[in-house]
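Notes for the one structure printed next.
Just so we're clear, the structure is a prediction, and the values are computed from it rather than from any experiment. Both ligands and their constituent atoms are indexed starting at 1 by order of listing.
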Amino acid sequence: MSRQLKLGAFLMATGHHVAAWRHPQVPANAGLDFAHYKRLAQIAEAAKFDALFVADSVAAPTQTIASRMARSDHFEPLTLLSALSAVTEHIGLIATATTSYNEPYHVARKFASLDHLSGGRAGWNLVTSDNAAEALNFGREEHIAHAERYSRAREFHQVVTGLWDSWEDDAFVRDKASGAYYDPAKLHVLDHVGEHFRVKGPLNVARSPQGQPVIVQAGSSETGRELAAQTAEVVFTAQTSLAGAQAFYADLKGRLTKYGRSADSLKIMPGVFVVVGQTEAEAQEKCETFQQLVEPEVGVALLGRMLGNFDLSKYPLDGPLPELPLTDSGQQSRQKLLTDLAGRENLTLAELGRRIAGGRGHYSLVGTPAQIADRLQAWFEQGAADGFNVLVPHLPGGLEDFTHGVVPELQRRGLFRTEYEGRTLRENLGLARPQNRFV
Ligand SMILES: Cc1cc2nc3c(=O)[nH]c(=O)nc-3n(C[C@H](O)[C@H](O)[C@H](O)COP(=O)(O)O)c2cc1C
(Lines give C-alpha, C1' and ligand atoms only; values in the text may rest on other atoms or scores of the structure.)
Protein backbone atom coordinates (compact mmCIF):
# COMPACT_ATOMS: atom_id res chain seq x y z
CA MET A 1 0.00 0.00 0.00
CA SER A 2 1.27 3.48 -0.74
CA ARG A 3 2.34 5.74 2.07
CA GLN A 4 -0.54 7.41 3.91
CA LEU A 5 -0.54 10.37 6.21
CA LYS A 6 -1.07 10.23 9.98
CA LEU A 7 -3.53 12.43 11.82
CA GLY A 8 -3.63 13.56 15.42
CA ALA A 9 -6.62 15.36 16.92
CA PHE A 10 -5.12 18.00 19.18
CA LEU A 11 -7.87 18.50 21.75
CA MET A 12 -8.12 21.67 23.76
CA ALA A 13 -11.20 22.16 25.98
CA THR A 14 -13.31 24.72 24.09
CA GLY A 15 -11.08 24.70 20.99
CA HIS A 16 -7.79 26.25 19.94
CA HIS A 17 -9.10 29.69 19.15
CA VAL A 18 -8.45 31.80 22.21
CA ALA A 19 -11.96 33.30 22.01
CA ALA A 20 -13.78 30.07 21.09
CA TRP A 21 -15.34 29.74 24.52
CA ARG A 22 -17.43 32.86 23.83
CA HIS A 23 -18.95 31.43 20.64
CA PRO A 24 -22.65 30.55 21.00
CA GLN A 25 -22.10 26.95 19.81
CA VAL A 26 -19.26 26.20 22.21
CA PRO A 27 -19.84 24.79 25.70
CA ALA A 28 -17.91 27.21 27.92
CA ASN A 29 -17.45 24.58 30.66
CA ALA A 30 -15.82 22.06 28.28
CA GLY A 31 -12.49 21.93 30.13
CA LEU A 32 -13.95 19.79 32.89
CA ASP A 33 -16.81 18.11 31.06
CA PHE A 34 -16.09 14.44 30.47
CA ALA A 35 -19.12 13.96 28.22
CA HIS A 36 -17.66 16.64 25.93
CA TYR A 37 -14.31 14.85 25.66
CA LYS A 38 -15.99 11.49 25.19
CA ARG A 39 -17.85 12.93 22.23
CA LEU A 40 -14.63 14.38 20.75
CA ALA A 41 -12.84 11.04 21.14
CA GLN A 42 -15.64 9.19 19.44
CA ILE A 43 -15.81 11.69 16.56
CA ALA A 44 -12.05 11.37 16.00
CA GLU A 45 -12.11 7.59 16.27
CA ALA A 46 -15.02 7.25 13.84
CA ALA A 47 -12.89 9.27 11.38
CA LYS A 48 -9.90 6.90 11.98
CA PHE A 49 -7.56 9.47 13.46
CA ASP A 50 -4.32 7.93 14.68
CA ALA A 51 -4.44 9.61 18.04
CA LEU A 52 -5.89 12.14 20.41
CA PHE A 53 -3.27 14.60 21.57
CA VAL A 54 -3.49 16.60 24.80
CA ALA A 55 -1.04 19.39 25.70
CA ASP A 56 -0.32 20.40 29.26
CA SER A 57 1.03 22.91 31.70
CA VAL A 58 1.33 22.41 35.45
CA ALA A 59 0.34 25.95 36.36
CA ALA A 60 -2.62 28.24 35.84
CA PRO A 61 -2.04 31.79 34.64
CA THR A 62 -2.58 34.49 37.27
CA GLN A 63 -2.37 37.76 35.32
CA THR A 64 -5.63 39.76 35.37
CA ILE A 65 -6.07 39.25 31.62
CA ALA A 66 -6.20 35.47 32.16
CA SER A 67 -9.67 35.97 33.63
CA ARG A 68 -10.85 36.68 30.09
CA MET A 69 -9.51 33.44 28.56
CA ALA A 70 -10.64 29.81 28.97
CA ARG A 71 -7.19 28.49 29.82
CA SER A 72 -7.29 28.19 33.60
CA ASP A 73 -9.26 25.03 34.28
CA HIS A 74 -8.94 21.72 32.49
CA PHE A 75 -8.40 18.02 33.11
CA GLU A 76 -4.97 16.59 33.84
CA PRO A 77 -4.13 14.77 30.56
CA LEU A 78 -3.27 11.27 31.84
CA THR A 79 -6.37 11.15 34.00
CA LEU A 80 -8.50 12.31 31.08
CA LEU A 81 -6.98 9.84 28.61
CA SER A 82 -7.30 6.98 31.09
CA ALA A 83 -11.02 7.66 31.26
CA LEU A 84 -11.22 7.99 27.47
CA SER A 85 -9.43 4.65 27.05
CA ALA A 86 -12.55 3.00 28.47
CA VAL A 87 -14.90 4.54 25.90
CA THR A 88 -12.73 4.05 22.78
CA GLU A 89 -11.13 1.02 21.15
CA HIS A 90 -8.71 2.00 18.43
CA ILE A 91 -7.54 5.56 18.73
CA GLY A 92 -4.12 6.40 20.21
CA LEU A 93 -3.95 8.43 23.42
CA ILE A 94 -1.06 10.88 23.62
CA ALA A 95 -0.62 12.88 26.82
CA THR A 96 1.91 15.59 27.50
CA ALA A 97 4.03 15.24 30.63
CA THR A 98 6.94 17.48 31.51
CA THR A 99 10.39 16.17 32.39
CA SER A 100 11.12 19.33 34.37
CA TYR A 101 8.54 18.93 37.14
CA ASN A 102 8.06 15.18 37.37
CA GLU A 103 10.06 12.18 38.47
CA PRO A 104 10.81 9.50 35.88
CA TYR A 105 9.42 6.68 38.01
CA HIS A 106 6.01 8.38 38.19
CA VAL A 107 5.96 9.07 34.48
CA ALA A 108 7.08 5.54 33.51
CA ARG A 109 4.47 4.02 35.77
CA LYS A 110 1.55 6.16 34.62
CA PHE A 111 2.20 5.72 30.89
CA ALA A 112 2.77 1.99 31.28
CA SER A 113 -0.54 1.84 33.12
CA LEU A 114 -2.28 3.78 30.34
CA ASP A 115 -0.77 1.41 27.78
CA HIS A 116 -2.22 -1.57 29.67
CA LEU A 117 -5.58 0.11 30.26
CA SER A 118 -5.94 0.95 26.57
CA GLY A 119 -4.57 -2.27 25.10
CA GLY A 120 -1.49 -0.59 23.60
CA ARG A 121 -2.60 2.90 22.64
CA ALA A 122 -0.50 5.17 24.87
CA GLY A 123 1.94 7.86 23.78
CA TRP A 124 4.02 10.24 25.90
CA ASN A 125 4.60 13.75 24.61
CA LEU A 126 7.89 14.55 26.26
CA VAL A 127 8.27 18.28 26.91
CA THR A 128 10.55 20.33 29.11
CA SER A 129 7.84 22.93 29.99
CA ASP A 130 7.51 26.24 28.24
CA ASN A 131 5.58 27.89 31.07
CA ALA A 132 7.86 29.70 33.53
CA ALA A 133 5.11 29.83 36.17
CA GLU A 134 5.36 26.06 36.71
CA ALA A 135 8.57 26.49 38.71
CA LEU A 136 6.65 28.25 41.49
CA ASN A 137 4.52 25.16 42.08
CA PHE A 138 7.53 22.93 42.60
CA GLY A 139 9.63 24.63 45.24
CA ARG A 140 11.62 26.84 42.88
CA GLU A 141 11.79 30.61 42.42
CA GLU A 142 12.67 30.42 38.73
CA HIS A 143 12.14 28.08 35.81
CA ILE A 144 14.99 25.68 35.02
CA ALA A 145 17.20 27.13 32.25
CA HIS A 146 16.68 25.88 28.68
CA ALA A 147 19.94 23.91 28.36
CA GLU A 148 19.55 22.42 31.81
CA ARG A 149 15.96 21.39 31.07
CA TYR A 150 17.09 19.50 27.98
CA SER A 151 19.97 17.86 29.85
CA ARG A 152 17.50 16.63 32.46
CA ALA A 153 15.06 15.57 29.72
CA ARG A 154 17.66 13.40 28.02
CA GLU A 155 18.45 11.50 31.18
CA PHE A 156 14.76 11.42 32.16
CA HIS A 157 14.00 9.64 28.89
CA GLN A 158 16.77 7.09 29.52
CA VAL A 159 15.36 6.30 32.94
CA VAL A 160 11.74 6.06 31.82
CA THR A 161 12.50 3.76 28.89
CA GLY A 162 14.85 1.74 31.08
CA LEU A 163 12.08 1.26 33.63
CA TRP A 164 9.69 0.20 30.87
CA ASP A 165 12.11 -2.66 30.15
CA SER A 166 12.15 -3.81 33.79
CA TRP A 167 10.35 -6.98 32.83
CA GLU A 168 10.64 -9.16 29.78
CA ASP A 169 7.38 -9.52 27.88
CA ASP A 170 6.72 -12.98 29.30
CA ALA A 171 8.14 -12.42 32.80
CA PHE A 172 4.82 -12.86 34.59
CA VAL A 173 3.97 -16.55 34.36
CA ARG A 174 1.43 -16.53 37.19
CA ASP A 175 1.50 -20.31 37.35
CA LYS A 176 -0.87 -21.44 40.08
CA ALA A 177 0.25 -25.05 39.91
CA SER A 178 3.96 -24.38 40.48
CA GLY A 179 3.46 -21.25 42.58
CA ALA A 180 5.72 -19.15 40.32
CA TYR A 181 4.21 -15.68 39.93
CA TYR A 182 7.04 -14.34 37.83
CA ASP A 183 10.29 -15.69 36.45
CA PRO A 184 13.15 -13.97 38.33
CA ALA A 185 15.46 -14.45 35.32
CA LYS A 186 13.19 -12.12 33.36
CA LEU A 187 13.35 -9.26 35.83
CA HIS A 188 15.94 -6.53 35.16
CA VAL A 189 16.75 -3.97 37.83
CA LEU A 190 17.76 -0.69 36.18
CA ASP A 191 20.11 0.65 38.88
CA HIS A 192 20.40 4.02 37.21
CA VAL A 193 22.84 6.54 38.67
CA GLY A 194 23.27 9.71 36.64
CA GLU A 195 23.72 13.46 36.85
CA HIS A 196 20.06 14.18 37.59
CA PHE A 197 18.55 10.92 38.81
CA ARG A 198 19.21 7.87 40.94
CA VAL A 199 16.58 5.26 40.24
CA LYS A 200 16.92 1.66 41.25
CA GLY A 201 13.80 0.08 39.74
CA PRO A 202 12.22 -2.17 38.73
CA LEU A 203 8.93 -0.63 37.67
CA ASN A 204 5.88 -2.08 39.40
CA VAL A 205 4.04 -2.53 36.12
CA ALA A 206 4.64 -5.40 33.69
CA ARG A 207 6.04 -4.57 30.24
CA SER A 208 3.14 -2.98 28.39
CA PRO A 209 1.37 -4.10 25.21
CA GLN A 210 3.45 -1.83 22.95
CA GLY A 211 6.65 -2.84 24.73
CA GLN A 212 7.05 0.87 25.34
CA PRO A 213 4.48 3.64 24.84
CA VAL A 214 5.21 5.80 21.79
CA ILE A 215 7.62 8.67 22.47
CA VAL A 216 6.41 11.99 21.10
CA GLN A 217 8.49 15.14 21.41
CA ALA A 218 7.60 18.82 20.98
CA GLY A 219 10.40 21.39 21.02
CA SER A 220 12.12 22.51 17.85
CA SER A 221 15.15 24.56 18.91
CA GLU A 222 18.59 23.20 18.03
CA THR A 223 18.72 21.30 21.33
CA GLY A 224 15.13 20.15 20.93
CA ARG A 225 15.84 18.71 17.48
CA GLU A 226 18.86 16.83 18.73
CA LEU A 227 16.86 15.31 21.57
CA ALA A 228 14.14 14.37 19.09
CA ALA A 229 16.64 12.71 16.75
CA GLN A 230 17.96 10.67 19.63
CA THR A 231 14.71 9.75 21.35
CA ALA A 232 11.47 10.60 19.56
CA GLU A 233 9.23 8.45 17.38
CA VAL A 234 6.82 11.27 16.59
CA VAL A 235 7.68 14.96 16.50
CA PHE A 236 5.08 17.67 16.86
CA THR A 237 6.27 20.99 15.50
CA ALA A 238 4.98 24.44 14.51
CA GLN A 239 5.83 25.49 10.94
CA THR A 240 4.44 28.34 8.85
CA SER A 241 5.46 27.57 5.28
CA LEU A 242 6.08 24.63 2.97
CA ALA A 243 9.71 25.65 2.50
CA GLY A 244 10.30 26.03 6.23
CA ALA A 245 8.62 22.71 6.98
CA GLN A 246 10.69 20.99 4.27
CA ALA A 247 13.89 22.37 5.77
CA PHE A 248 12.87 21.23 9.26
CA TYR A 249 11.90 17.79 7.96
CA ALA A 250 15.18 17.31 6.09
CA ASP A 251 17.21 18.59 9.02
CA LEU A 252 15.56 16.32 11.58
CA LYS A 253 15.51 13.19 9.40
CA GLY A 254 19.13 13.91 8.51
CA ARG A 255 20.12 13.74 12.17
CA LEU A 256 18.83 10.19 12.59
CA THR A 257 21.70 8.31 10.97
CA LYS A 258 24.17 9.28 13.65
CA TYR A 259 21.92 7.52 16.16
CA GLY A 260 21.69 4.45 13.92
CA ARG A 261 18.07 5.15 13.08
CA SER A 262 16.16 4.93 9.80
CA ALA A 263 14.17 7.88 8.42
CA ASP A 264 10.99 5.87 8.89
CA SER A 265 11.44 5.44 12.63
CA LEU A 266 10.48 9.07 13.26
CA LYS A 267 7.21 10.60 12.07
CA ILE A 268 7.12 14.36 11.70
CA MET A 269 3.71 15.90 12.32
CA PRO A 270 3.45 19.68 12.07
CA GLY A 271 0.42 21.32 13.61
CA VAL A 272 -2.21 22.67 11.23
CA PHE A 273 -5.00 25.01 12.26
CA VAL A 274 -8.02 24.47 10.02
CA VAL A 275 -11.29 26.29 9.48
CA VAL A 276 -13.48 24.36 7.05
CA GLY A 277 -16.43 25.71 5.05
CA GLN A 278 -18.64 24.47 2.22
CA THR A 279 -17.29 27.39 0.22
CA GLU A 280 -14.19 29.47 0.72
CA ALA A 281 -16.38 32.46 1.59
CA GLU A 282 -18.19 30.45 4.26
CA ALA A 283 -14.88 29.32 5.78
CA GLN A 284 -13.58 32.90 5.85
CA GLU A 285 -16.79 34.07 7.43
CA LYS A 286 -16.60 31.35 10.07
CA CYS A 287 -13.03 32.31 10.85
CA GLU A 288 -14.02 35.96 11.11
CA THR A 289 -16.76 35.09 13.63
CA PHE A 290 -14.05 33.90 16.01
CA GLN A 291 -11.69 36.74 15.19
CA GLN A 292 -14.39 39.28 16.07
CA LEU A 293 -14.48 37.86 19.58
CA VAL A 294 -10.78 38.46 20.28
CA GLU A 295 -10.10 41.36 22.61
CA PRO A 296 -6.77 42.96 21.57
CA GLU A 297 -5.37 42.61 25.10
CA VAL A 298 -6.23 38.90 25.12
CA GLY A 299 -4.47 38.34 21.80
CA VAL A 300 -1.39 40.17 23.04
CA ALA A 301 -1.34 38.22 26.32
CA LEU A 302 -1.41 34.96 24.36
CA LEU A 303 1.34 36.33 22.13
CA GLY A 304 3.53 37.21 25.12
CA ARG A 305 3.15 33.71 26.50
CA MET A 306 3.94 32.08 23.14
CA LEU A 307 6.98 34.33 22.61
CA GLY A 308 8.43 32.81 25.77
CA ASN A 309 6.69 34.20 28.86
CA PHE A 310 6.92 37.96 28.24
CA ASP A 311 4.55 40.58 29.64
CA LEU A 312 3.76 42.81 26.66
CA SER A 313 0.98 44.78 28.37
CA LYS A 314 3.16 47.89 28.73
CA TYR A 315 3.75 48.23 24.99
CA PRO A 316 1.33 50.13 22.71
CA LEU A 317 -1.12 47.86 20.89
CA ASP A 318 -0.60 49.70 17.62
CA GLY A 319 3.18 49.70 17.91
CA PRO A 320 5.62 47.12 16.57
CA LEU A 321 6.68 43.96 18.37
CA PRO A 322 9.42 45.15 20.77
CA GLU A 323 12.90 43.62 20.60
CA LEU A 324 12.96 40.80 23.11
CA PRO A 325 15.87 38.77 24.43
CA LEU A 326 16.08 35.08 23.49
CA THR A 327 13.67 33.26 25.79
CA ASP A 328 15.27 30.90 28.24
CA SER A 329 12.02 29.77 29.82
CA GLY A 330 9.80 29.24 26.77
CA GLN A 331 9.95 27.81 23.27
CA GLN A 332 12.89 29.28 21.36
CA SER A 333 11.55 27.82 18.12
CA ARG A 334 8.15 29.52 18.51
CA GLN A 335 9.77 32.80 19.49
CA LYS A 336 11.70 32.77 16.22
CA LEU A 337 8.63 31.78 14.20
CA LEU A 338 6.52 34.63 15.64
CA THR A 339 9.29 37.24 15.42
CA ASP A 340 9.91 36.32 11.78
CA LEU A 341 6.18 36.55 11.04
CA ALA A 342 5.90 40.02 12.62
CA GLY A 343 8.92 41.27 10.64
CA ARG A 344 7.87 39.71 7.34
CA GLU A 345 4.40 41.22 7.42
CA ASN A 346 5.20 44.34 9.43
CA LEU A 347 2.44 43.62 11.95
CA THR A 348 1.58 45.70 15.01
CA LEU A 349 1.38 44.02 18.38
CA ALA A 350 -2.42 43.87 18.24
CA GLU A 351 -2.37 42.53 14.67
CA LEU A 352 0.11 39.82 15.54
CA GLY A 353 -1.94 38.87 18.62
CA ARG A 354 -5.02 38.64 16.46
CA ARG A 355 -3.19 36.68 13.77
CA ILE A 356 -2.17 33.93 16.19
CA ALA A 357 -5.42 33.91 18.21
CA GLY A 358 -6.49 30.70 16.45
CA GLY A 359 -3.46 28.60 15.66
CA ARG A 360 -0.81 30.20 17.92
CA GLY A 361 1.55 30.40 14.95
CA HIS A 362 0.87 26.94 13.47
CA TYR A 363 0.26 26.70 9.73
CA SER A 364 -3.30 27.91 9.16
CA LEU A 365 -5.75 26.87 6.46
CA VAL A 366 -9.16 28.43 5.89
CA GLY A 367 -11.12 26.98 2.99
CA THR A 368 -13.11 24.14 1.48
CA PRO A 369 -12.28 20.48 2.14
CA ALA A 370 -10.66 20.23 -1.30
CA GLN A 371 -8.53 23.35 -0.79
CA ILE A 372 -7.38 22.11 2.61
CA ALA A 373 -6.68 18.60 1.30
CA ASP A 374 -4.62 20.14 -1.55
CA ARG A 375 -2.29 21.84 0.94
CA LEU A 376 -2.01 18.82 3.24
CA GLN A 377 -1.24 16.66 0.21
CA ALA A 378 1.43 19.07 -1.00
CA TRP A 379 3.18 19.09 2.38
CA PHE A 380 2.89 15.32 2.66
CA GLU A 381 4.15 14.58 -0.85
CA GLN A 382 6.83 17.24 -0.97
CA GLY A 383 8.90 16.22 2.02
CA ALA A 384 7.43 18.49 4.68
CA ALA A 385 5.33 16.12 6.81
CA ASP A 386 4.46 12.52 7.58
CA GLY A 387 1.12 13.66 8.93
CA PHE A 388 -0.48 16.48 10.88
CA ASN A 389 -1.63 17.34 14.35
CA VAL A 390 -4.97 19.01 13.65
CA LEU A 391 -6.05 22.09 15.59
CA VAL A 392 -9.58 23.36 15.12
CA PRO A 393 -10.98 26.69 16.31
CA HIS A 394 -13.90 25.34 18.32
CA LEU A 395 -15.00 22.03 19.74
CA PRO A 396 -16.83 19.91 18.96
CA GLY A 397 -18.02 21.79 15.81
CA GLY A 398 -14.61 22.35 14.22
CA LEU A 399 -13.67 18.70 14.59
CA GLU A 400 -16.94 17.64 12.98
CA ASP A 401 -16.30 20.03 10.09
CA PHE A 402 -12.89 18.42 9.58
CA THR A 403 -14.04 14.81 9.89
CA HIS A 404 -17.11 15.32 7.68
CA GLY A 405 -15.33 17.37 5.02
CA VAL A 406 -11.56 16.95 4.92
CA VAL A 407 -11.17 13.33 6.04
CA PRO A 408 -13.39 11.88 3.27
CA GLU A 409 -11.55 14.07 0.75
CA LEU A 410 -8.19 12.68 1.93
CA GLN A 411 -9.61 9.15 1.80
CA ARG A 412 -10.88 9.65 -1.76
CA ARG A 413 -7.36 10.62 -2.74
CA GLY A 414 -5.96 7.48 -1.09
CA LEU A 415 -4.01 9.63 1.36
CA PHE A 416 -5.70 8.47 4.54
CA ARG A 417 -6.92 5.14 5.90
CA THR A 418 -10.53 3.98 5.84
CA GLU A 419 -9.87 1.33 8.51
CA TYR A 420 -7.33 1.05 11.29
CA GLU A 421 -4.44 -1.16 10.14
CA GLY A 422 -3.50 -2.40 13.56
CA ARG A 423 -4.50 -2.77 17.14
CA THR A 424 -1.92 -0.54 18.81
CA LEU A 425 -0.86 3.05 18.27
CA ARG A 426 2.55 1.80 17.10
CA GLU A 427 0.97 -0.46 14.51
CA ASN A 428 -1.21 2.33 13.16
CA LEU A 429 1.70 4.76 13.02
CA GLY A 430 3.92 2.13 11.38
CA LEU A 431 6.44 2.12 14.22
CA ALA A 432 8.34 -0.98 15.30
CA ARG A 433 7.76 -2.51 18.73
CA PRO A 434 11.00 -1.88 20.69
CA GLN A 435 13.12 -4.82 21.78
CA ASN A 436 13.72 -5.09 25.49
CA ARG A 437 17.27 -3.72 25.96
CA PHE A 438 18.14 -6.42 28.48
CA VAL A 439 17.35 -9.34 26.20
C1 LIG B 1 4.63 22.34 18.82
C2 LIG B 1 5.07 22.42 20.25
C3 LIG B 1 4.18 22.06 21.27
C4 LIG B 1 4.57 22.13 22.61
N5 LIG B 1 3.68 21.78 23.60
C6 LIG B 1 4.03 21.93 24.91
C7 LIG B 1 3.14 21.62 25.98
O8 LIG B 1 2.01 21.20 25.78
N9 LIG B 1 3.57 21.82 27.24
C10 LIG B 1 4.81 22.28 27.52
O11 LIG B 1 5.13 22.43 28.68
N12 LIG B 1 5.68 22.56 26.53
C13 LIG B 1 5.32 22.39 25.24
N14 LIG B 1 6.23 22.67 24.24
C15 LIG B 1 7.56 23.20 24.56
C16 LIG B 1 8.52 22.16 25.06
O17 LIG B 1 8.33 22.14 26.45
C18 LIG B 1 9.94 22.42 24.79
O19 LIG B 1 10.63 21.35 25.38
C20 LIG B 1 10.56 23.71 25.34
O21 LIG B 1 9.71 24.77 25.49
C22 LIG B 1 11.64 24.17 24.44
O23 LIG B 1 11.18 24.40 23.16
P24 LIG B 1 12.25 24.74 22.06
O25 LIG B 1 13.09 23.52 21.91
O26 LIG B 1 11.48 25.09 20.84
O27 LIG B 1 13.00 25.90 22.63
C28 LIG B 1 5.86 22.58 22.92
C29 LIG B 1 6.75 22.91 21.89
C30 LIG B 1 6.38 22.86 20.57
C31 LIG B 1 7.36 23.24 19.51
Side-chain angles (χ1 to χ4, degrees), residues 8 10-13 16 52-61 71 74-78 80-81 94-102 107 123-135 137-138 143-157 215-232 234-240 244-245 248-249 251-252 255 267-273 302 305-310 324-340 356 359-364 385 387-391:
F10 183 171
L11 304 185
M12 175 151 328
H16 285 271
L52 303 175
F53 179 95
V54 183
D56 196 35
S57 181
V58 278
R71 292 287 197 258
H74 48 81
F75 286 119
E76 187 284 314
L78 273 153
L80 172 64
L81 292 181
I94 301 174
T96 298
T98 177
T99 55
S100 295
Y101 304 110
N102 266 311
V107 167
W124 170 31
N125 180 33
L126 181 168
V127 299
T128 70
S129 287
D130 58 11
N131 182 354
E134 294 182 14
N137 293 331
F138 297 91
H143 196 17
I144 306 171
H146 193 270
E148 178 73 6
R149 295 208 302 278
Y150 272 118
S151 157
R152 180 179 159 105
R154 190 165 287 110
E155 189 179 332
F156 197 112
H157 169 270
I215 301 288
V216 183
Q217 193 266 5
S220 299
S221 60
E222 170 60 32
T223 334
R225 293 177 193 209
E226 205 53 38
L227 179 69
Q230 205 176 344
T231 64
V234 174
V235 163
F236 174 38
T237 180
Q239 302 293 330
T240 46
F248 178 83
Y249 188 97
D251 175 276
L252 190 47
R255 293 175 194 239
K267 309 293 173 193
I268 299 179
M269 298 178 60
V272 60
F273 174 76
L302 177 70
R305 163 88 172 84
M306 297 313 299
L307 280 162
N309 305 299
F310 292 99
L324 299 169
L326 177 69
T327 179
D328 198 57
S329 63
Q331 297 179 27
Q332 294 180 352
S333 55
R334 192 76 59 104
Q335 184 181 34
K336 178 167 187 328
L337 180 157
L338 296 170
T339 310
D340 289 352
I356 65 140
R360 299 188 297 283
H362 284 282
Y363 186 49
S364 295
F388 300 91
N389 213 6
V390 178
L391 291 72

Worksheet item: Starting from atom 18 (C) of ligand 1, which protein heavy atom do you reach first, and at what distance in Å?
Response: A218 O, 3.4 Å
Worksheet entry | Test ring pair (Phe, Tyr, Trp, His ring centres under 6.0 Å) applied to F273 - qualifying residues, sequence neighbours left out | none
Worksheet, complete the sentence: Counting from 1 in the order shown, the ligand 1 atoms closer than 4.0 Å to a non-hydrogen atom of Q332 are 24 (P), 26 (O), 27 (O)
Worksheet item: Between Y101 and H143, is the gap from one ring center to the other below 6.0 Å?
Response: yes
Worksheet item: Just by distance, with hydrogens left out, do Q335 and T327 show a side-chain donor and acceptor under 3.5 Å apart?
Response: no
Practice prompt. State if Q335 counts as touching ligand 1 under the rule of any non-hydrogen atom under 4.0 Å.
Written response: no
Discussion item. Tell me if a side-chain donor or acceptor on E134 pairs with a main-chain N or O of V58 at a distance below 3.5 Å.
Written reply: yes
Response to the item:
Of A153, S100, S221, the residue with the heavy atom nearest atom 25 (O) of ligand 1 is S221
Practice prompt. Please confirm whether the backbone N or O of F10 pairs with a side-chain atom of H16, one donor and one acceptor, at under 3.5 Å?
Written response: yes
Item to complete: Report yes or no: does T96 have a heavy atom closer than 4.0 Å to ligand 1?
Response: yes
Practice prompt. Return the residue, atom name and 0.1 Å-rounded distance of the protein heavy atom closest to atom 22 (C) of ligand 1.
Written response: Y150 OH, 3.3 Å
Item to complete: Hey, could you give me the CG/OG1 distance between L227 and T128, rounded to the nearest 0.5 Å?
Response: 9.0 Å
Worksheet entry | For A55, atoms of ligand 1 separated by under 4.0 Å from a heavy atom | 8 (O)
Practice prompt. Among all protein heavy atoms, pick the one closest to atom 6 (C) of ligand 1 and tell me residue, atom and distance.
Written response: V127 CG1, 3.8 Å
Worksheet item: Where is the nearest protein heavy atom to atom 19 (O) of ligand 1: which residue, which atom, and how far?
Response: T128 OG1, 2.8 Å
Worksheet, complete the sentence: Distance col, row H146:NE2 vs S129:OG, nearest 0.5 angstrom, shows 11.5 Å
Practice prompt. Assign the ring pair H362 / F236 to parallel, tilted or perpendicular, where the plane angle (0 to 90°) is split at 30° and 60°.
Written response: parallel
Worksheet item: With sequence neighbours excluded, what pairs up with F388 under the ring pair (Phe, Tyr, Trp, His ring centres under 6.0 Å) test?
Response: none
Worksheet item: Which heavy atom of the protein is the closest neighbour of atom 13 (C) of ligand 1, given with residue, atom name and distance?
Response: D130 OD2, 3.4 Å
Discussion item. With heavy-atom distances below 4.0 Å as the criterion, list the atoms of ligand 1 near H146.
Written reply: 22 (C), 24 (P), 25 (O), 27 (O)
Response to the item:
Counting heavy atoms under 4.0 Å, the part of D56 that contacts ligand 1 is backbone
Worksheet item: Could a heavy atom of G330 be found less than 4.0 Å from some atom of ligand 1?
Response: yes
Worksheet entry | Pairwise distance CZ(F156) to OG(S151) - rounded to 0.5 angstrom | 13.0 Å
Worksheet entry | atom 28 (C) of ligand 1: the protein heavy-atom neighbour that sits closest, reported with distance to 0.1 Å | Q331 NE2, 3.2 Å
Worksheet, complete the sentence: atom 26 (O) of ligand 1: closest protein heavy atom, distance to 0.1 Å, is S333 OG, 2.5 Å
Discussion item. Just to check, does S129 reach to within less than 4.0 Å of ligand 1 when the distance is taken from its heavy atoms?
Written reply: yes
